2 protein chains.
Amino acid sequence: MGKCEQCIIRQFNSLKSLTKEELIRISGCKTTKTIKKGEIIFEEGENINGIFCVKDGICKLSKLSANGKDQIVKLVVKGDLLGQRSLVGEESANLSAVALNDMEVCFIPKHEIMNDLQQNSKFSFDVLQQMAKDLKESDDIIVNMAQKSVKQRLAETLIYVYNHFGNNDEGFLDVILSREDYANIVGTATESAIRILSQLKKEGLISTSGKQIKIEDLKGLERIE
Amino acid sequence: MGKCEQCIIRQFNSLKSLTKEELIRISGCKTTKTIKKGEIIFEEGENINGIFCVKDGICKLSKLSANGKDQIVKLVVKGDLLGQRSLVGEESANLSAVALNDMEVCFIPKHEIMNDLQQNSKFSFDVLQQMAKDLKESDDIIVNMAQKSVKQRLAETLIYVYNHFGNNDEGFLDVILSREDYANIVGTATESAIRILSQLKKEGLISTSGKQIKIEDLKGLERIE
DNA sequence: GTTAAAACATGACAAATATCATATATTGTT
DNA sequence: AACAATATATGATATTTGTCATGTTTTAAC
């Protein structure tokens with residue numbers, strides 16, 4: 001099993017602020033898991049009792065609403081931590097995490113990391129900065145949800161996916177989300193998301209092949225009002 | 001001018017985790033401001049260079065969207081801190097803060113509090129916990145925005161105001177928001193907010209007198225679907 | 001390769017919400 | 001008290017989005 005102090009992933013998240021001794025201790029107690037596409041990492045309400053460090057793959061953080069629809073709040077990628085909020089708030093998960101493709105994650109139990117969080121102020125401040133960033137993003141999403149049309153939000157989601165995950169060899173977005181996932185990010189009905197994607201196709205802004213989507217005119221997508 | 005180490009307000013926020021020495025130092029450099037209803041405390045994009053401790057009054061945190069509408073993201077009340085996120089993220093304000101009634105706030109300059117944040121891990125962890133709470137609330141708002149009707153959201157906002165600020169002598173909500181403010185919290189057109197309030201009145205769930213609103217049937221409001 | 005299940009697509013219609021117009025009420029100012 | 005400015009109220013209508021029905025394509029399992 002890999003060692004945290006040699007793991008390159010930690011450079012991308014707050015774990016980089018841990019001391020070598022802390023990393024070695026954590027390395028000794030972490031467990032590495034392989035998670036298949038579609039599998040649940042944790043569900044809302046669950047006590048996760050630790051944090052996950054995403055070594056590879058992507059997952060969605062979502063919450064089930066009263067009407068039975070899932071709302072995706074955030075996409076978590078390689079290098080991100082998962083579960084910090086619940087850890088800090090000392091409460092059960094507010095969101096569910098489901099793998100969007102095959103993943104590899106390391107799980108660090110709460111009792112091993114909690115002390116570091118309370119005593120290593122560099123680490124704690126780093127987690128704080130990440131959380132501040134997440135909070136800003138969430139606040140911005142609130143504004144978008146409230147003030148932009150479904151079409152605008154969907155276009156922005158495509159741009160977001162393009163900017164964060166890029167293209168594969170054939171020019172298609174490298175992360176494959178179902179139409180339902182897009183609908184659940186944007187906060188609309190699946191049929192509406194499909195309809196708008198068809199519309200964007202007709203307008204020549206994107207093209208598709210099965211579930212795959214290719215951005216044909218980024219500027220055009222950005223211009224949608 | 002009051003002294004932080006004797007100020008009762010700090011018991012309600014993260015400042016309670018500062019040491020006596022830190023408090024005395026901060027007390028010496030803070031400035032106390034009186035802000036009238038409707039006045040701007042800071043605007044999005046502004047460098048606030050410190051945090052505000054709200055001693056009295058209430059303000060709204062909002063963001064202007066492209067279509068010219070303000071979206072209210074959070075109400076900040078007596079005892080809360082203001083500006084932590086920008087401080088931690090070391091960036092300009094993402095939201096504007098406008099007083100909803102007369103306020104009294106203390107301003108603590110960045111350079112005086114930043115060291116404490118980076119070195120006093122108890123304080124830093126306390127701020128982290130507050131930010132985790134804010135993040136959870138923002139995520140929950142995203143889900144509500146995406147999945148609930150305007151009527152539900154408005155009803156929930158009324159319940160929120162009732163639970164957090166209570167009633168005055170005559171049984172009206174103690175915080176007076178304009179119909180436009182309600183619309184900007186819920187993320188709808190002002191006319192729609194007004195229309196729904198009228199509807200709630202007809203249904204006997206609330207009553208009004210000018211801008212004042214009285215909750216007549218809390219259970220009924222909670223039951224709206 | 002066949003086949004069943006799941007996902008995608010689209011039309012028709014219904015419901016929710018926004019916009020525009022206009023009237024009334026409230027509030028603050030002189 | 002009179003006035004202007006602002007906020008509230010409501011009707012008529014347009015637009016957006018959701019829902020239901022149904023057909024097609026894609027995917028995954030055998």
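In this text, all values refer to a predicted model and were calculated from it rather than measured experimentally. Sequence lines set the chain letters: A, B, ... in the order given, protein chains first and strands last, and positions in each chain run from 1.
Within the 4.0 Å cut-off from OP1 or OP2 of C/dC8, not a single side-chain nitrogen or oxygen of A/Ser198 is found. Regarding contacts with the backbone of D/dT16, every side-chain N or O of A/Ser192 stays at 4.0 angstrom or more from both OP1 and OP2.
Between A/Ile176 and A/Gln212 the shortest side-chain heavy-atom distance falls below 4.5 Å. Within the 4.5 Å cutoff, the side chain of A/Ile72 has heavy atoms near those of the A/Asn184 side chain. Annotation: side chain of A/Ile41 is in contact with side chain of A/Phe52 (closest heavy-atom distance under 4.5 Å). Looking at B/Leu205 and B/Leu218, their side chains never come closer than 4.5 Å, going by heavy atoms from C-beta outward. In this structure, the side chains of B/Gln130 and B/Asn13 stay at 4.5 Å or more apart for every pair of heavy atoms.
Nearest-nucleotide positions on DNA chain D place B/Arg195 closer to the 5' end than the other of A/Arg195 and B/Arg195. Comparing A/Gly187 and A/Lys211 against DNA chain D, the residue whose closest nucleotide sits nearer the 5' end is A/Gly187. The residue among B/Arg153 and A/Ile194 whose nearest nucleotide of DNA chain C lies closer to the 5′ end is A/Ile194.
Between the axis at the start and the axis at the end of the helix from C/dG1-D/dC30 to C/dT30-D/dA1 there is an angle of 50°, using five pairs per end and rounding to 10 degrees.
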Could you go through residues 142-150 of chain B and list every donor-acceptor pair under 3.5 Å that involves a side-chain atom there, pairing it with any protein atom two or more places apart or in another chain?
from	atom 1	to	atom 2	distance (Å)
B/Asn144	OD1	B/Lys148	NZ	3.3
B/Asn144	ND2	B/Glu156	OE1	3.4
B/Gln147	NE2	A/Gln71	OE1	3.1
B/Lys148	NZ	B/Glu156	OE2	2.7
B/Ser149	OG	B/Gln152	N	3.2

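Closest to the side chain of B/Glu191, out of C/dA18, C/dC20, C/dA9, is C/dC20. Comparing atom distances between the A/Val150 side chain and each of C/dT17, D/dA9, D/dT17 picks out D/dT17 as nearest. Proximity note for B/Arg179 (side chain, C-beta onward) versus C/dA18, D/dT8, C/dA9: the nearest is D/dT8. The listed nucleotides are C/dT19, D/dT17, D/dA9; the one nearest the side chain of B/Ala189 is C/dT19.
Protein atom NZ of B/Lys148 is 17 Å distant from nucleotide atom C1' of C/dA16, rounded to whole Å. Rounded to an integer number of Å, the gap from B/Gln147 CD to D/dG18 P is 9 Å. A straight line from CG of A/Leu197 to P of C/dT10 spans 11 Å, rounded to a whole angstrom. Rounded to a whole Å, the CG atom of A/Asn184 is 15 Å from the C1' atom of C/dC8. Here D/dT15 presents its C1' atom at 15 Å from CG of B/Asn67, a figure rounded to the nearest Å. Put simply, CG on B/Leu154 is 13 Å from P on D/dT8, counting in whole angstrom units. Atoms CD1 (B/Ile176) and P (D/dA7) sit 14 Å apart, rounded to a whole Å. One can place NZ of A/Lys36 at 15 Å from C1' of D/dA28, the figure rounded to the nearest angstrom.
Within a 6.0 Å sphere centred on OH of A/Tyr162, other residues, nucleotides and ligands contribute 12 heavy atoms or fewer.
Among the heavy atoms of the strands, none lies under 4.0 Å from B/Thr190. Within the nucleic acid shown, A/Lys69 comes within 4.0 Å of sugar-phosphate atoms alone, with no base atom in reach, counting heavy atoms only.
The only member of B/Leu177, B/Ile213, B/Asp174 that meets side-chain contact (heavy atoms from CB on, under 4.5 Å) when paired with B/Val161 is B/Leu177.
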